[in-house]
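Beneath this line is the structure, given in structure tokens, with notes to follow.
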Amino acid sequence: MLDLKLVRQNPQAVADQLAKRHFDFDVDGFLSLDEARKQADIESQNLLAERKQASKKIGELVKGGMPIDEAKASVNATLAKIEEQLSELTSKAKAAQETLDDLMAGIPNIPHPDVPEGKDEADNLEILRWGEPKSFDFEVKDHVDVGENLGGLDFDVAAKLTGSRFSVMRGEIARMHRALIQFMLNTHIGQHDYTEVYVPYMVNKDSLRGTGQLPKFEEDLFKLEGDQEYYLIPTAEVPVTNLLRDTIVEAADMEKGLRFVCHTPCFRSEAGSYGRDTRGMIRQHQFEKVELVQLVKPADSEAALEALTGHAEAILQQLELPYRKVLLCGGDIGFSSRKTYDLEVWLPAQNQYREISSCSNFGDFQARRMLARWRNPETNKPEYLHTLNGSALAVGRTLVAILENYQQADGSVVVPEVLKPYMQCDVIK
RNA sequence: GGAGGGGUGGCAGAGUGGUUGAAUGCACCGGUCUUGAAAACCGGCGUGGGUUAACGCCCACCCAGGGUUCAAAUCCCUGCCCCUCCGCCA
């Protein structure tokens, strides 16, 4: 959610900045809505004030010994008018407020000035490349062939159990998948100073509104049947960031910022991506992810994004997987994000870099929706925190990258050095 | 699933229809006192919205949503959450 005051003060500037994301902000529409809201608000407030005065007067008269009916009769003219208009005016004011709220909830975050102009992912700005894509002296197989030949990946049986876009893993590949989770968690806890959290995998609407998945992106989510309106989480970002919803953090607890790491499964409907990545593990309805979440003082968020992205990069580096880092352009950046780096890992079978992590600074956009605040000692007032998160990493895609980058001519897969302590073999064959 | 008890400001905790946005204590901020600190004393101290050049003034908010009433933290209904006991259970 954008700051209403900011939008009000300079709607055209807001519209200009949102144009970078190709979001069309209707300035005149906003202004007339806001004006209508204000009028309705003032009218109903004035009437409420009259009612309050009248009631007070009756109270005084009754206290002074006058019978209630007589007291009411003495202020009757006012009461009749209030009776007549109040419910109409208050519901009008409420409706106007709701219309404005809906509009505000649908406006994406203002992109950071660093965010490059652009229409889609082709316009993202490459920041760096790390590692050399290995050259193979045999024909590389994609992860599906590698995994199936080793008997460790099975998409057909997953389709039988559930449907498309699910997978079953077996043996050393299943173990490596689990090893990746442990390795990532241990690294972030031990080397990057994050606190591990365990959270629910189902959340309510308030949480999804807080991080921005609702109201706009309901079709991306799996909603549960039943009395409760629960949704499967599309990312740990939702429950973990919402830990601080409706909370005021004391300044002393904010010195280092709040840093959480969390492993969860993620569930995504992938509506609207029917033709894409249908083969293999790249795009699944269910996948595991290790997520980093930070809540920091506003002044710290830009540095925090660089640090957090570095923490995700460290995983790729320790796994010795070549990757590149790109800064998302205005057309590709997510709804709630102010600035996003994607990390793309090299997939030799696809002969291209593919997204494996997305690290974003949301500024106060989510915090304002969530009422996540800290008490600024300079003003002694609660102020919004800044929120950040990033995948570090998407586990399924990391496994894909290892199967492809570490494959050998005989179909076996070398276990990356840092995973060996978690495995019972050096080579999967 | 059955039976009861609760949800009030950062925290604890009063308040059962009338000038209560809310007593009191703790915490916090400022001041007096002190060489300094503590103690003591004095004062301040919720959030959101509107209006104002500003002081200020106005409205809303005592879990949420409805209702009764001239008037609701207080009464009624529904929902959510928490606690205690019983049953069931990984």
Side-chain angles (χ1 to χ4, degrees), chain A residues 1-9 30-31 33-105 198-210 224 226-231 239 242-255 258 364 367-385:
Chain A
M1 194 96 85
L2 296 181
D3 183 356
L4 188 58
K5 280 184 188 149
L6 177 84
V7 180
R8 216 174 254 150
Q9 275 165 14
F30 166 80
L31 288 175
L33 261 184
D34 191 40
E35 187 56 33
R37 190 212 97 265
K38 193 157 139 185
Q39 276 315 316
D41 203 35
I42 288 173
E43 283 174 25
S44 73
Q45 277 194 16
N46 286 342
L47 204 58
L48 280 168
E50 277 188 53
R51 185 185 76 172
K52 205 171 178 178
Q53 291 310 315
S55 290
K56 247 180 207 176
K57 200 183 271 177
I58 293 172
E60 282 168 30
L61 293 173
V62 169
K63 228 173 192 176
M66 188 183 281
I68 289 171
D69 286 344
E70 209 173 301
K72 276 166 73 171
S74 75
V75 291
N76 208 10
T78 326
L79 288 181
K81 180 180 143 205
I82 290 166
E83 204 84 53
E84 211 172 286
Q85 298 177 353
L86 187 63
S87 87
E88 190 196 332
L89 283 180
T90 48
S91 61
K92 193 172 147 199
K94 209 168 163 182
Q97 185 66 53
E98 270 169 25
T99 310
L100 187 69
D101 287 347
D102 289 349
L103 178 81
M104 291 301 291
Y198 171 86
V199 295
Y201 300 159
M202 305 171 198
V203 293
N204 59 32
K205 285 191 154 186
D206 287 340
S207 294
L208 288 159
R209 253 191 296 270
L224 299 175
D227 295 340
Q228 310 286 353
E229 284 200 290
Y230 290 162
Y231 296 79
N242 274 279
L243 289 171
L244 275 295
R245 172 150 53 87
D246 294 323
T247 304
I248 300 172
V249 183
E250 291 306 326
D253 299 323
M254 284 309 299
E255 273 320 303
L258 305 169
D364 62 9
R368 183 173 293 107
R369 289 173 164 241
M370 286 195 300
L371 286 179
R373 295 172 292 182
W374 72 300
R375 197 171 290 279
N376 184 345
E378 287 171 25
T379 59
N380 207 31
K381 291 273 182 195
E383 293 176 8
Y384 294 118
L385 295 168

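Below, chain A is the first sequence line, B the second, and so on; all start at residue 1. Quick caveat: nothing in here was measured; it's all calculated off a predicted structure.
Looking at residues two or more places apart in sequence or on another chain, you find a ring pair (Phe, Tyr, Trp, His ring centres under 6.0 Å) between A/Phe30 and A/Phe25. With sequence neighbours left out, the side chain to side chain contact (heavy atoms under 4.5 Å, CB included) criterion links A/Leu258 to A/Leu244, A/Val249, A/Met254, A/Phe260, A/Leu295. Take A/Arg209 and apply the side chain to side chain contact (heavy atoms under 4.5 Å, CB included) test, not counting sequence neighbours, and it matches A/Lys205, A/Asp206, A/Leu214. A/Arg373 is linked by a salt bridge (Lys or Arg N to Asp or Glu O under 4.0 Å) to nothing, counting only residues two or more places apart in sequence or in another chain. The side-chain hydrogen bond (donor to acceptor under 3.5 Å, both in side chains) check on A/Gln97 picks up A/Arg37, A/Asp101, with sequence neighbours excluded. Qualifying side chain to side chain contact (heavy atoms under 4.5 Å, CB included) partners for A/Leu31, counting only residues two or more places apart in sequence or in other chains: A/Pro11, A/Val27. For A/Arg245, the side-chain hydrogen bond (donor to acceptor under 3.5 Å, both in side chains) criterion is met by A/Ser207, A/Asn242, not counting sequence neighbours. In this structure, the side chain to side chain contact (heavy atoms under 4.5 Å, CB included) partners of A/Glu383, at least two apart in sequence or on a different chain, are A/Trp374, A/Asn376, A/Thr379.
Distance, A/Arg373 CZ to B/G9 C1': 13 Å, rounded to whole Å. We find that CZ of A/Arg368 is positioned 11 Å from P of B/G48, with the value rounded to whole Å. For A/Leu371 and B/A64, the CG to P distance is 13 Å, given to the nearest whole Å. Between the CG atom of A/Asp246 and the C1' atom of B/G48 there is a distance of 13 Å, given to the nearest Å.
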Each nucleotide of nucleotides 75-81 of chain B classed B (base within 4.0 Å of a protein heavy atom), S (only sugar-phosphate) or -, in 5' to 3' order, makes -------
Set out, line by line, the N/O atom pairs under 3.5 Å between protein and nucleotides 51-61 of chain B.
| unit_1 | atom_1 | unit_2 | atom_2 | d |
| --- | --- | --- | --- | --- |
| B/U51 | OP1 | A/Lys38 | NZ | 2.5 |
| B/A60 | OP2 | A/Lys52 | NZ | 3.2 |

Protein and nucleotides 17-19 of chain B: nitrogen or oxygen contacts under 3.5 angstrom:
| unit_1 | atom_1 | unit_2 | atom_2 | d |
| --- | --- | --- | --- | --- |
| B/G18 | N2 | A/Ser55 | O | 2.9 |
| B/U19 | N3 | A/Glu60 | OE2 | 3.2 |

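Side-chain nitrogen and oxygen atoms of A/Lys94 include none within less than 4.0 Å of the OP1 or OP2 phosphate oxygen of B/G49.
As judged by a 4.0 angstrom heavy-atom cut-off over every strand, A/Arg8 is placed among residues touching the sugar-phosphate backbone only.
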